[in-house]
Amino acid sequence: MISLLKNFTKCWWRQKARASLPFLLLFFLPACEYQDLKPIRDQVLVYCSEGNPETFNPQLSTSGVTFDASSRTLYNRLVEFKPNSNEIAPSLAESWSISPDGKEYTFHLRENVSFHQTEHFRPTRYLNADDVIFSFSKQSDNSHPFHNTSQLSYRYYESMGLQNLIESIEKSGQHTVIFKLSRPESPFLATLTMDFTSILSAEYADSLLIQNKRENIDSLPVGTGPYQLTRYQPDAFIRYKAHANYWNGEQQLKNLVFAITPDPSLRFARVIAGECDLMTNPLPIHLMTTKKYPQIKVTTQPGLNTAFLSLNTQKPPFDNPQVRKAIELAINKPSIIKVVYQNNASLANSIIPPTSWAHVNSLSASQFDPQKSRQLLEGAGYASGFELDLWIMSAQRAYNPNAIKMAELIQQNLKAVGISVNIHSFEYATFLNKIRNGEHQAALAGWIGDNGDPDNFFTPLISCSATKSGTNSTFWCDNEIDQHIQQAKLEKRQATRYKIYEKLQQKLRQESPLVPIAHATRFVVLSHKVQNFKMLSTGGVSFEGVYLEQGSNDD
């Protein structure tokens, strides 16, 4: 290692390479000459990511950080969204058909789809129907040998209600799979684009079972995706290489690195310095300075996301809707939009963002009214106020660029109506786990739409089934709301679904289990040498088809 450092220092000062010590150490490069280093760097894209993935099995997470590191790099699903679109396109399934009653979906799988060949597994066959059946049955069947491979659970599968929707999955030949549903489900195809429906290798699972190493399926992944994992160092980096036998063509970009950098200011500094080629979710202050740096560019789009204050309705005083409404009226949302988002967000009137067809424009956002808030608190028996623990996550998210600043503004707002707020910050994974277990009183949370359908907000965030999986962090269960949600799923006509969702959002406003705050605009800061990068309409990042402009690292 000492020799490596000496060689690096010599190469750095002699050739002024546009790479840092941490970057080179990722690849353990020997003594170098610039002409040798430069072609290698042209084939490596470094993404400054926000944190460690919970797992490399996207079935076990609801985290965008995890999805970026796993499902969007390592795996594919039966169907996908086209880039920058909500149009569903073929992926592992090259075609499909739906029965007239809407209860049977038949998928015809693509042939000659290869799984990753790794140090620990060499596949002997292509993808087939057994892999699809395995990938879903391990999530739904408690007795499946791969159902309990980690301390994580299948929260997304459960929160979307698939355990009650999918009656069976059958194969008809090696490349045909039939999903039989208990009822028609309008968003079902859209659901199958979601990260937790990624297809894993049944053959790999069989080999792990023989070796008594079932847990490796979550940490040593084998997928069909454009990249395969080569090394992971927690709190440091994730390394990938291009999948040589990828069914959609080997990637022009041969190496991909996630440089794990939780601090947004450090991420921005690394992009400016050329250590990283791309970052998401820059702080508003960074956006104000990007014009000073000709080596970078910024892409943007409206976000399919919502930031909100979640109130645990299982804990007093938040079991009282009058108290919940008082808190909503006490929060100065326009001030939060200005200070936290620097006006790069829209005011939320519900959990549904304006980019969704189910957004109700006529439903105005709640007004800032401290006087009315105090009256409601007095009527609820809290004239002297109360003490409140507000939990936030340390990681920056697309829907909330600065959780601590937002929490401090809410703290000031609630103090004015007699509520004393204690702010507690947790590491991202710890925060998610505690919230899912219902340990919080109140928490700053949010949601990024994963499939473009409004049901992807309603079912995981406010349905009764989602209280069991914990994605409904308010733990509020209302039978009328649940009936609306199920009714909308059964309805094929969008206009009729809209009317149902309109009633649902009005009911949600009355009960206020959560306080919608903002819908953030999405930004990506990237080097000019990054080519063909497309923002996903559902959030997150994908590097399929992305490449670096050759010869772009000259000084």
Side-chain angles (χ1 to χ4, degrees), residues 62 79 81 85-88 96 98-105 155-167 179-194 196-197 304-306 308 348-363 446-469 471-514 516 519 537-539:
T62 62
V79 291
F81 282 119
S85 169
N86 288 332
E87 182 181 349
I88 295 174
W96 59 88
I98 306 173
S99 63
D101 64 359
K103 295 171 65 175
E104 194 168 290
Y105 288 68
R155 296 182 184 274
Y156 225 144
Y157 188 95
E158 296 165 1
S159 69
M160 295 300 291
L162 294 193
Q163 70 273 24
N164 297 319
L165 175 65
I166 300 175
E167 286 190 335
F179 284 72
K180 295 185 176 181
L181 310 184
S182 60
R183 62 181 184 272
E185 178 95 347
S186 292
F188 185 65
L189 266 183
T191 297
L192 293 182
T193 68
M194 296 170 67
F196 76 91
T197 68
L304 190 68
N305 61 60
T306 303
F308 57 85
N349 65 2
S350 80
I351 57 175
I352 300 296
T355 49
S356 170
W357 56 261
H359 179 78
V360 180
N361 291 323
S362 60
L363 190 65
W447 193 258
I448 302 172
D450 291 312
N451 67 16
D453 194 279
D455 179 70
N456 183 235
F457 283 85
F458 292 119
T459 291
L461 292 182
I462 60 172
S463 71
C464 293
S465 64
T467 62
K468 299 174 183 177
S469 63
T471 57
N472 180 347
S473 57
T474 70
F475 293 89
W476 177 68
C477 174
D478 183 277
N479 290 330
E480 183 181 346
I481 289 286
D482 254 29
Q483 289 173 5
H484 285 319
I485 292 174
Q486 295 305 322
Q487 185 183 0
K489 288 181 180 181
L490 293 171
E491 181 56 55
K492 294 181 179 179
R493 293 167 296 182
Q494 184 171 303
T496 305
R497 290 185 76 196
Y498 175 84
K499 293 179 180 178
I500 297 171
Y501 288 140
E502 183 178 28
K503 293 179 182 177
L504 194 156
Q505 290 173 78
Q506 290 170 346
K507 170 75 172 177
L508 193 61
R509 168 63 65 79
Q510 294 170 6
E511 295 291 336
S512 300
L514 53 80
H519 307 293
S537 60
T538 53

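For the pair T193 (side chain) and A190 (backbone), a donor-acceptor distance under 3.5 Å is present. Between the side chain of E185 and the main chain of P187, no donor-acceptor pair closer than 3.5 Å is present.
Rounding to the nearest 0.5 Å places CD1 of I98 at 14.5 Å from NZ of K103. How far OG1 of T306 is from CD1 of I351: 7.0 Å, rounded to the nearest 0.5 Å. To the nearest 0.5 Å, the span separating CG on D482 from SG on C477 amounts to 5.5 Å. Atoms CG and CD, from D478 and E511 in turn, are 6.0 Å apart once rounded to the nearest 0.5 Å. From L181, atom CG reaches atom CD of E104 across 8.5 Å, with rounding to the nearest 0.5 Å.
Between F475 and T467 the shortest heavy-atom distance is CE2-O, 3.3 Å. Across every non-hydrogen atom of N164 and S182, the tightest pair is O-OG, 2.8 Å. Closest heavy-atom contact between K492 and P100: NZ-O, 3.8 Å. When every heavy atom of N451 is checked against every heavy atom of D453, the shortest pair comes out as OD1-N, 2.9 Å.
Considering only heavy atoms from C-beta on, L508 stays 4.5 Å or farther from H484 through its side chain. Side-chain contact between I352 and V360 is absent, with no heavy-atom pair separated by less than 4.5 Å. Two residues are said to be in side-chain contact when any heavy atoms from C-beta on lie closer than 4.5 Å; I166 and Y157 meet this criterion. Taking the side chain as every heavy atom from C-beta outward, N305 and W447 never approach each other to under 4.5 Å. Put simply, the side chain of S473 reaches to within 4.5 Å of the side chain of F308, judged on heavy atoms.
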Side-chain atoms of residues 455-463: list all donor-acceptor pairs with protein atoms under 3.5 Å, sequence neighbours left out, distances to 0.1 Å.
from: D455; atom 1: OD1; to: T459; atom 2: OG1; distance (Å): 2.6
from: D455; atom 1: OD2; to: T459; atom 2: OG1; distance (Å): 3.3
from: N456; atom 1: OD1; to: D450; atom 2: N; distance (Å): 2.6
from: N456; atom 1: ND2; to: Y156; atom 2: OH; distance (Å): 3.2
from: T459; atom 1: OG1; to: K489; atom 2: NZ; distance (Å): 3.3
from: S463; atom 1: OG; to: T459; atom 2: O; distance (Å): 2.4
from: S463; atom 1: OG; to: S465; atom 2: OG; distance (Å): 3.1
from: S463; atom 1: OG; to: A466; atom 2: N; distance (Å): 3.2

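Exactly one of Q505, R509, E502 qualifies for a side-chain contact (heavy atoms from CB on, under 4.5 Å) with S350. That residue is Q505. Only one option out of R493, Q487, Q494 pairs with E491 in a side-chain hydrogen bond (donor to acceptor under 3.5 Å, both in side chains); it is R493.
A search for ring-ring contact (aromatic ring centres under 6.0 Å, His included) contacts involving Y105 returns F188, not counting sequence neighbours.
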Using side-chain contact (heavy atoms from CB on, under 4.5 Å), reason through L192 and W96 one step at a time and then give a plain yes or no.
CA-CA 12 Å; L192 293 182; W96 59 88; over 6 Å; no
Audit row: T471, E158, side-chain contact (heavy atoms from CB on, under 4.5 Å) steps and yes/no:
CA-CA 9 Å; T471 57; E158 296 165 1; over 6 Å; no
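Within 6.0 Å of the NZ atom in K468, the count of heavy atoms belonging to other residues, nucleotides or ligands does not exceed 12.
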